[in-house]
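Below you'll find the structure, written out as structure tokens, and then a few comments.
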Amino acid sequence: MEGFDKMKFNEKIIMLRKNKNLSQEDLGNELGVARQTISKWELGETIPEMDKLIKMSEIFEITLDDLIKDTEPNIDKNNNFFLSWCEFL
């Protein structure tokens, strides 16, 4: 994936959520938080607590490292993440 810019945490949440066809409300329900909380995470205003990060990595089927680091995601080629990442750019 050389040549791709780094992806910020809040951008990853948006892209991963959309990749799973989840609304902010859907993701909030799965995590036990309000839709407004998801919105704040996606705007970069706040960040999730560790238990929410762990659950998000399970929902999105990626490692915590890939979720929280401002690095290129290390995703299996069979995962739609790469295609969504390209479309996000």
Side-chain angles (χ1 to χ4, degrees):
M1 291 187 181
E2 280 185 42
F4 287 98
D5 290 329
K6 292 181 180 181
M7 187 176 227
K8 295 180 181 177
F9 175 71
N10 61 314
E11 295 170 336
K12 285 182 187 179
I13 297 174
I14 296 167
M15 199 267 308
L16 289 164
R17 177 180 58 77
K18 289 181 177 182
N19 189 49
K20 290 285 188 179
N21 295 314
L22 296 171
S23 67
Q24 288 180 338
E25 188 168 348
D26 293 336
L27 182 57
N29 288 338
E30 288 198 40
L31 296 171
V33 299
R35 179 202 59 78
Q36 292 85 347
T37 301
I38 303 298
S39 177
K40 287 181 181 182
W41 295 344
E42 291 182 354
L43 292 171
E45 294 176 1
T46 61
I47 57 172
E49 295 175 354
M50 182 58 74
D51 63 322
K52 304 304 184 215
L53 291 170
I54 293 168
K55 182 68 176 167
M56 288 170 64
S57 73
E58 293 169 357
I59 292 168
F60 298 139
E61 302 177 55
I62 62 173
T63 66
L64 277 173
D65 277 354
D66 284 331
L67 180 61
I68 61 175
K69 288 185 178 177
D70 286 348
T71 58
E72 297 170 6
N74 183 18
I75 304 298
D76 185 320
K77 291 180 183 175
N78 294 323
N79 191 314
N80 291 331
F81 185 87
F82 178 75
L83 294 174
S84 296
W85 167 232
C86 294
E87 291 171 7
F88 185 77
L89 296 174

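Heads up: numbering here begins at 1 and tracks the sequence.
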Is a side-chain N or O of [X] found less than 3.5 angstrom from the main chain of [Y], in a donor-acceptor match?
{"X": "E61", "Y": "E58", "result": "no"}
{"X": "K8", "Y": "G44", "result": "no"}
{"X": "D26", "Y": "S23", "result": "yes"}

Query raised in the report: Which atoms form the tightest heavy-atom contact between L53 and P48, and what is the distance?
Result: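 Nearest pair, atom of L53 first, then P48: CD2-CG, 3.8 Å.
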Report task. Return the minimal non-hydrogen interatomic distance between W41 and V33, and the atom names on each side. Result ->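 So the two residues come closest at CH2-CG2, 4.1 Å.
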Query - More than 12 heavy atoms from other groups under 6.0 Å of CD1 on I47 - result: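 Atom CD1 in I47 is not packed in, count stays at 12 or less.
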Any chance you could measure [X], atom [atom1], to [Y], atom [atom2], to the nearest 0.5 Å?
{"X": "I13", "Y": "E11", "atom1": "CD1", "atom2": "CD", "value": "10.5 Å"}
{"X": "D66", "Y": "M7", "atom1": "CG", "atom2": "CE", "value": "11.5 Å"}
{"X": "S57", "Y": "L16", "atom1": "OG", "atom2": "CG", "value": "10.5 Å"}

With side chains defined as the heavy atoms from C-beta onward, is the minimum distance between [X] and [Y] less than 4.5 Å?
{"X": "L22", "Y": "I59", "result": "yes"}
{"X": "L64", "Y": "I54", "result": "yes"}
{"X": "M15", "Y": "F60", "result": "no"}

Requested in this report: Scan for side-chain hydrogen bond (donor to acceptor under 3.5 Å, both in side chains) pairs involving residues 42-56, sequence neighbours excluded, and state none if there are none.
Outcome: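 Counting only pairs at least two positions apart or across chains, the side-chain hydrogen bond (donor to acceptor under 3.5 Å, both in side chains) contacts touching residues 42-56 are R17-E42, Q24-E42.
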